[in-house]
Enquirer: 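The following block contains the structure, expressed as structure tokens.
We count residues from 1, following the sequence as given.
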Amino acid sequence: MFPETVLHTERLTLRPFNSSDIPDTQTSCSDPLTQQWLPLPQPYTLDDATAWCTTVAPALRESGDGIHFAITDSHTGRLMGTTGLKKTDWRAQVSEVGYWVSPWARGNGIAAEATRALARWLLADQKFQRLELRAATENTASQKTALKAGFHREGILRSAGFVHTGRVDLVLFSLLPNDLAMTRCTVVGAR
């Protein structure tokens with residue numbers, strides 16, 4: 001399993017979820033744009049947010065599946081979104097990153113900044129060999145985030161994803177350790 005970790009950039013703190021994140025998680029995951037691209041429960045209840053913040057996210061790390069971070073404002077501590085690793089293949093040293101951004105934090109490069117920090121931690125500090133990112137072909141905002149974070153577009157995975165409206169094609173992106181030199185990222189510190 002990944003070590004419990006806190007990452008810092010100039011603007012953000014990436015830390016484990018806790019109970020203080022429950023209200024903002026519920027609001028963020030109930031947002032129509034978030035719901036459009038992620039197969040989250042509908043409606044997304046306070047119980048769903050409580051389970052994610054206090055039980056599910058920690059259990060995913062403990063199971064070895066990945067690690068999920070609350071993206072928070074370094075100055076105010078307010079939740080701004082999440083970025084996390086999932087479907088980790090320890091033998092092949094490959095994982096997949098996913099994210100969502102709270103409605104009040106969108107348009108400020110938060111997802112790209114947080115994803116770059118997580119990618120650097122995974123590929124440089126944890127010595128993984130590949131990080132993948134998948135985005136629905138119609139989710140252009142997520143694709144722009146992937147490119148801004150330094151990922152390379154590889155191709156289309158046909159009918160590889162699902163959202164509330166049905167199956168969707170996904171664009172596959174990847175980032176390798178050698179790509180980090182070309183990806184601008186300042187990680188202030190990891191704990």
Side-chain angles (χ1 to χ4, degrees), residues 5-46 48-53 56-57 60 66-87 95-122 131-151 153 161-165 168 170-173 175 183-188:
T5 303
V6 176
L7 303 174
H8 300 275
T9 70
E10 291 181 21
R11 302 185 301 163
L12 307 173
T13 299
L14 282 64
R15 59 160 175 76
F17 277 89
N18 63 51
S19 59
S20 71
D21 301 315
I22 293 169
D24 282 342
T25 296
Q26 181 190 15
T27 301
S28 299
C29 291
S30 296
D31 175 70
L33 188 58
T34 304
Q35 284 277 331
Q36 179 179 355
W37 299 116
L38 298 175
L40 299 169
Q42 285 185 325
Y44 195 89
T45 66
L46 189 59
D48 293 322
T50 300
W52 173 258
C53 293
V56 176
L60 289 170
I67 186 168
H68 297 271
F69 294 91
I71 303 170
T72 62
D73 183 292
S74 290
H75 300 291
T76 68
R78 185 171 188 195
L79 182 73
M80 301 173 79
T82 184
T83 188
L85 302 174
K86 59 185 179 177
K87 302 177 184 171
S95 195
E96 180 182 338
V97 65
Y99 46 79
W100 53 254
V101 176
S102 302
W104 52 87
R106 290 184 185 138
N108 296 305
I110 299 301
E113 182 176 335
T115 299
R116 277 193 306 267
L118 178 54
R120 183 165 295 282
W121 176 78
L122 179 73
L131 180 58
E132 295 181 350
L133 188 156
R134 298 165 190 222
T137 54
E138 294 183 15
N139 188 347
T140 56
S142 188
Q143 292 177 54
K144 288 177 185 176
T145 295
L147 295 171
K148 188 174 179 183
F151 283 75
R153 182 183 167 123
F162 63 95
V163 294
H164 293 291
T165 57
V168 294
L170 299 177
V171 181
L172 176 63
F173 295 87
L175 192 67
T183 305
R184 292 184 347 187
C185 175
T186 303
V187 177
V188 177

Enquirer: Compare all side-chain heavy atoms of Leu33 with those of Arg106 and state whether any distance is below 4.5 angstrom.
Expert: yes

Enquirer: Please examine the side chains of Cys29 and Asp48, heavy atoms only from C-beta on, and report whether any two atoms are closer than 4.5 Å.
Expert: no

Enquirer: For Leu147, is there any backbone N or O sitting under 3.5 Å from a side-chain donor or acceptor partner on Arg153?
Expert: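 Side chain of Arg153 to backbone of Leu147, a donor-acceptor pair under 3.5 Å: no, none is there.
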
Enquirer: Mind checking the CD-OG1 spacing from Glu113 to Thr145? Nearest 0.5 Å is all I need.
Expert: 12.0 Å

Enquirer: List the residues meeting salt bridge (Lys or Arg N to Asp or Glu O under 4.0 Å) with Lys86, not counting sequence neighbours, and say none if there are none.
Expert: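 Salt bridge (Lys or Arg N to Asp or Glu O under 4.0 Å) check on Lys86 returns Glu96.
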
Enquirer: Tell me which one of Tyr99, Trp37, Trp100 satisfies side-chain hydrogen bond (donor to acceptor under 3.5 Å, both in side chains) with Ser142.
Expert: Tyr99

Enquirer: I need the minimum non-hydrogen distance between Thr5 and Leu7, along with the two atoms involved.
Expert: CG2-CD2, 3.6 Å

Enquirer: Any side-chain heavy atom of Asp21 within less than 4.5 Å of one from Asn18?
Expert: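 Yes; the side chains approach each other to less than 4.5 Å.
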
Enquirer: Which residues pass the ring-ring contact (aromatic ring centres under 6.0 Å, His included) test with Phe17, not counting sequence neighbours?
Expert: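 Partners of Phe17 by the ring-ring contact (aromatic ring centres under 6.0 Å, His included) criterion, ordered by chain and then number, come out as Trp52.
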
Enquirer: Rounded to the nearest 0.5 Å, how far does OG1 of Thr82 lie from CD1 of Ile110?
Expert: 13.0 Å

Enquirer: To the closest 0.5 Å, what do you measure between CD1 (Ile71) and CZ (Arg78)?
Expert: 14.0 Å

Enquirer: Rounded at 0.5 Å granularity, tell me how far CG in Asp31 sits from CD in Gln36.
Expert: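 Taking CG in Asp31 and CD in Gln36, the distance rounds to 10.0 Å.
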
Enquirer: Could you tell me which residues satisfy side-chain hydrogen bond (donor to acceptor under 3.5 Å, both in side chains) with Thr140, sequence neighbours excluded, listed by chain and number?
Expert: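 Once residues adjacent in sequence are excluded, Thr140 has no partner under the side-chain hydrogen bond (donor to acceptor under 3.5 Å, both in side chains) criterion.
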
Enquirer: Any donor and acceptor pair, going by atom type alone, linking the side chain of Thr34 with main-chain N or O of Ser28 inside 3.5 Å?
Expert: yes

Enquirer: Considering only heavy atoms from C-beta outward, does the side chain of Leu38 approach that of Tyr44 to under 4.5 Å?
Expert: no

Enquirer: Nearest 0.5 angstrom please: Leu131 CG to Leu85 CG, how far?
Expert: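 Nearest 0.5 Å value for the CG-CG distance: 6.5 Å.
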
Enquirer: Passes side-chain contact (heavy atoms from CB on, under 4.5 Å), Leu122 versus Ser95? Steps please.
Expert: CA-CA 9 Å; Leu122 179 73; Ser95 195; 4.2 Å; yes

Enquirer: For Gln143 and Ala136, indicate whether the former's side chain and the latter's backbone hold a donor-acceptor pair under 3.5 Å.
Expert: yes

Enquirer: Decide side-chain contact (heavy atoms from CB on, under 4.5 Å) for Val6 and Thr13; before the verdict, give the C-alpha distance in whole Å, the side-chain angles of both, and the deciding distance to 0.1 Å.
Expert: CA-CA 7 Å; Val6 176; Thr13 299; 3.8 Å; yes

Enquirer: If I compare all heavy atoms of Thr9 with all of Ser74, which pair ends up nearest, and what's the gap?
Expert: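 The pair with the smallest heavy-atom distance is O-OG, 4.2 Å.
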
Enquirer: Where is the tightest heavy-atom contact between Glu132 and Phe151, given as atom of each residue plus distance?
Expert: C-CE2, 4.3 Å

Enquirer: Minimum heavy-atom separation for Leu170 to Arg134, with atom names?
Expert: CD1-CB, 4.0 Å

Enquirer: Closest approach of Leu60 and His68, non-hydrogen atoms and distance?
Expert: CD1-NE2, 3.6 Å

Enquirer: Flag the pair Val163 / Glu138 as yes when at least one side-chain heavy-atom distance between them is below 4.5 Å, and no otherwise.
Expert: no

Enquirer: What's the shortest heavy-atom distance between Ala114 and Leu14, and which atoms?
Expert: O-CD2, 3.7 Å

Enquirer: Given side chains that start at C-beta, do those of Ile22 and Ser19 come closer than 4.5 Å, heavy atoms only?
Expert: yes

Enquirer: Between atom OG1 of Thr165 and atom CD of Gln35, what is the distance when rounded to the nearest 0.5 Å?
Expert: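 Thr165 OG1 to Gln35 CD: 11.5 Å, rounded to 0.5 Å.
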
Enquirer: Using side-chain heavy atoms (C-beta onward) and a distance below 4.5 Å, is Asn108 in contact with Val101?
Expert: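 No - every pair of side-chain heavy atoms lies 4.5 Å or more apart.
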
